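Since this is a predicted model, take the numbers as computed values, not measurements. Just so we're on the same page: letters track the sequence lines, and every chain starts at 1.
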Amino acid sequence: GAVVSQHPSRVICKSGTSVKIECRSLDFQATTMFWYRQFPKKSLMLMATSNEGSKATYEQGVEKDKFLINHASLTLSTLTVTSAHPEDSSFYICSAPQTGGDYTFGSGTRLTVV
Amino acid sequence: AQSVAQPEDQVNVAEGNPLTVKCTYSVSGNPYLFWYVQYPNRGLQFLLKYITGDNLVKGSYGFEAEFNKSQTSFHLKKPSALVSDSALYFCAGLGSYIPTFGRGTSLIVHP
């Protein structure tokens, strides 16, 4: 089946640095990618929707300048957390819609900012 | 507006017993409903979906869910729980293009 490969799975960075998270669609073309942030003990928060070749659509309250999303090709979408701070520490997950209505999720990235 | 509710924060069940994880929805039009499972530090895995047809949907790992239009529910069930079923379960609805997730229910299966 369709697979979304997400890297890195874990990253620790110093406060003030930037981190890039990649999601690649394998064996299919992802014209759209959803980016979620998962807070401790669950809830998935949709951060933004990226579309290949156009600007991402951000949800209300998500800082566009802090969470840079690029979807330059049909197989790659990236999320860059700029000038990371400890409060940005979280679990980030990407997801691509499939024909038939379901969604394929990446394996997630655990970001820890120290 | 679309919404999906998972009323239980946690469900505890003994291994071998049947399990139910509850989900109710409020989605405009014909609902597309999904169940996903998440193991620790992993992304979500698709379990099953309801789009149309039979109200009883069978999915991965022996799970099934019943779509009940009158009760606007889509509860996840399994006849005999395994310890390995312990995970976080999300119900999701798709009234528009973007899925709406419930808050998640932790399923704990005791040996």
Between the side chains of B:K77 and B:E64, is the shortest nitrogen-to-carboxylate-oxygen separation below 4.0 Å, so that they form an ion pair? no
Side chain, backbone, both or neither: which part of B:L44 has a heavy atom under 4.5 Å from chain A? both
Please classify the contact of A:S9 with chain B as side chain, backbone, both or neither, using a heavy-atom distance under 4.5 Å. neither
Taking the six-membered ring where the residue is Trp, are the ring centres of A:F105 and B:Y36 under 6.0 Å apart? yes
Could you tell me which portion of A:T104 (side chain, backbone, both or neither) has an atom closer than 4.5 angstrom to a non-hydrogen atom of chain B? neither
Under a 4.0 Å threshold between the charged nitrogen and the carboxylate oxygen, would A:K20 count as salt-bridged to A:E22? no
Assess, by modelled atom type and distance only, whether the side chains of B:Q38 and A:Q38 contain a donor and an acceptor separated by less than 3.5 Å. yes
